There are 2 protein chains.
Amino acid sequence: MPGTKRGPQSGPQQDKTAPFAYDGLDRVIHEKARLGLLTSLMVNPEGLAFAELKRLCDLTDGNLSRHLQVLQEAGLVEITKGYDGNRPHTTCRLTAAGRRRFVDYLGVLEGVVRDAAEAAGDKYAPGARRGVLPA
Amino acid sequence: MPGTKRGPQSGPQQDKTAPFAYDGLDRVIHEKARLGLLTSLMVNPEGLAFAELKRLCDLTDGNLSRHLQVLQEAGLVEITKGYDGNRPHTTCRLTAAGRRRFVDYLGVLEGVVRDAAEAAGDKYAPGARRGVLPA
DNA sequence: TCCATCTACTTTGCAATGGAAAGTCTCTAG
DNA sequence: CTAGAGACTTTCCATTGCAAAGTAGATGGA
């Protein structure tokens, strides 16, 4: 073993002055597909069917199945498997906790957008219209 | 082989009416760590040193190294390796393309926030303050 | 009646990837 | 002259996203 064992390299310092660490970006939520799913469910709080989600988010069956599983295990959504006549019919809705966590996540996301957009405005187009995204 | 081979399951339809597919969420950018890095670089267009980025984003050396490599390969950042005396000194800055792509990404992100926030406002707190984004 | 197909999902397999730990080099203290 | 810090890079591994294949019941001919 070359070199006596040293402590872990610099090691993450606890967020002391790490303004761009974005700790709040929950892995479970921060994912293209899941982000779409959660947004869909946010817009449709009464719940959505498997097929509907699939269409709205343009996912394959397999993907959707897996992501829903992840979301369920994380307690963000509630899945109800039932029958429509005798075809299986799965519906999905946000749990209260899911909604809370998603809203928190959105807050962080908003911060990201604001940070960057401000920079874009300040440094590259001084004096230009303040509002974040281009007109 | 049970069941004659069928076409790939329902297969992703081309974004026809898939309002929550969020295609624009570029994998390379849409990643906790990299998002922080890019934002840092957006705020500091003159470039940042390795150590500085590490601190700002609270990353370990290894992680930072890797993510920078990814960003560089994607052409989003430009990395300059030089020497400060004879210690290595790496600096990093956004490329023009990087800035463009990041701004595009931010546009999509803002859409996500808006979609969801609207839903939150409309369905859960009717009449409440409209803008999620600050006044 | 048989079988091909559709809807509705679940399971499996694999290649990519984030992250921790370890490695390399050089410089600076003691 | 050895211990340790700074600045990175490389290795290794468990996780994971995604696609393809699989399961199962319903439906529609021929």
Side-chain angles (χ1 to χ4, degrees), chain A residues 1-13 21-23 25-37 48-74 79-92, chain B residues 1-13 21-23 25-37 48-74 79-92:
Chain A
M1 86 279 282
T4 333
K5 205 227 182 155
R6 267 173 276 142
Q9 57 193 13
S10 353
Q13 47 276 52
Y22 298 132
D23 263 34
L25 290 185
D26 187 332
R27 273 260 118 92
V28 176
I29 301 182
H30 189 68
E31 162 65 45
K32 216 166 129 71
R34 252 126 47 187
L35 204 42
L37 289 173
L48 286 168
F50 189 95
E52 200 59 10
L53 278 171
K54 182 180 135 181
R55 198 179 54 75
L56 288 171
C57 301
D58 194 26
L59 293 166
T60 59
D61 298 30
N63 272 199
L64 178 52
S65 186
R66 182 181 263 281
H67 285 304
L68 284 184
Q69 207 175 297
V70 172
L71 289 173
Q72 182 183 35
E73 269 155 24
I79 296 180
T80 315
K81 285 163 199 287
Y83 282 86
D84 172 21
N86 35 14
R87 304 180 153 282
H89 186 78
T90 302
T91 48
C92 188
Chain B
M1 85 284 275
T4 331
K5 206 230 184 151
R6 269 171 275 141
Q9 56 194 11
S10 353
Q13 45 275 52
Y22 298 132
D23 262 34
L25 291 185
D26 188 333
R27 275 256 114 98
V28 176
I29 302 181
H30 189 69
E31 162 65 45
K32 215 166 130 76
R34 254 127 46 189
L35 203 44
L37 289 172
L48 286 168
F50 190 94
E52 199 59 11
L53 278 171
K54 181 179 134 178
R55 198 180 53 74
L56 288 172
C57 303
D58 192 27
L59 292 167
T60 59
D61 298 31
N63 273 197
L64 177 52
S65 186
R66 181 184 265 278
H67 286 304
L68 284 184
Q69 207 175 296
V70 172
L71 288 172
Q72 182 183 36
E73 271 155 25
I79 295 180
T80 315
K81 284 164 201 285
Y83 283 86
D84 172 19
N86 33 13
R87 301 182 155 282
H89 186 79
T90 302
T91 48
C92 189

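Please read all numbers here as calculations on a predicted model, not as lab measurements. First the proteins, then the strands, lettered A, B, ... as listed; each starts at 1.
- Comparing atom distances between the Thr90(B) side chain and each of dG18(C), dG17(D), dC8(D) picks out dC8(D) as nearest.
- The side chain of His67(A) lies closest to dG17(D) when the candidates are dC27(C), dG17(D), dT9(D).
- The NE2 atom of His30(B) sits 14 Å away from the C1' atom of dT16(D) (whole-angstrom rounding).
- Atoms CG (Leu53(B)) and P (dA7(D)) sit 13 Å apart, rounded to a whole Å.
- Of the candidates dG19(C), dC18(D), dA26(D), the closest approach to any side-chain atom of Asn86(A) belongs to dA26(D).
- Nearest to the side chain of Ser65(A), among dT10(C), dT9(D), dC9(C), sits dT10(C).
- Here the straight-line distance linking atom SG of Cys92(A) with atom CG of Leu53(A) works out to 5.5 Å at 0.5 Å rounding.
- As a whole-Å value, the separation of Arg55(A) CZ from dA8(C) C1' is 16 Å.
- Close to dC18(D), at under 4.0 Å from its OP1 or OP2, lies a side-chain N or O of Asn63(A).
- Nearest approach of His67(B) to Glu31(B), heavy atoms of both residues: CE1-CG, 4.4 Å.
- Distance from the side chain of Phe50(B) is smallest to dT9(D) among dG18(C), dC18(D), dT9(D).
- For the pair Val70(B) and Asp84(A), nearest-nucleotide mapping onto DNA chain C gives the more 5' position to Asp84(A).
- Residue Gln69(B) is classed as having no contact, given no heavy-atom separation below 4.0 Å to the nucleic acid.
- The side chain of Pro88(A) lies closest to dC9(C) when the candidates are dT7(C), dC9(C), dG17(D).
- The side chain of Arg87(B) lies closest to dC27(C) when the candidates are dA8(C), dT9(D), dC27(C).
- The CD atom of Glu31(A) sits 12 Å away from the C1' atom of dT15(D) (whole-angstrom rounding).
- Atom CG in Leu64(B) sits roughly 14 Å away from atom P in dT10(D) (whole-Å rounding).
- The CG atom of Leu64(A) lies 11.5 Å from the CD atom of Glu52(A); values are rounded to the nearest 0.5 Å.
- Of the candidate nucleotides dA20(C), dA19(D), dT9(D), dT9(D) has the atom lying nearest to any side-chain atom of Lys81(B).
- Closest of all the heavy-atom pairs between Ala49(A) and His89(A) is CB-CE1, 3.7 Å.
- Counting only distance, with no hydrogens or angles, the side chain of Arg34(B) and the backbone of Leu71(B) share no donor-acceptor pair below 3.5 Å.
- Listed nucleotides: dA8(C), dG19(C), dC8(D). Nearest to the side chain of Asp61(A): dA8(C).
- No engagement by Lys32(A) is indicated, since no non-hydrogen atom pair under 4.0 Å with the nucleic acid exists.
- Atom-to-atom, CZ of Arg34(B) to C1' of dG18(C) comes out at 8 Å; the value is rounded to the nearest Å.
- Under the 3.5 Å distance criterion, the side-chain polar atoms of Lys81(A) are left unmatched by any main-chain donor or acceptor of Pro88(A).
- Spacing between atom CZ of Arg27(B) and atom P of dG17(D) amounts to 8 Å, rounded to whole angstrom units.
- Counting to the nearest Å, the C1' atom of dA19(D) and the CG atom of Asp58(A) are 14 Å from each other.
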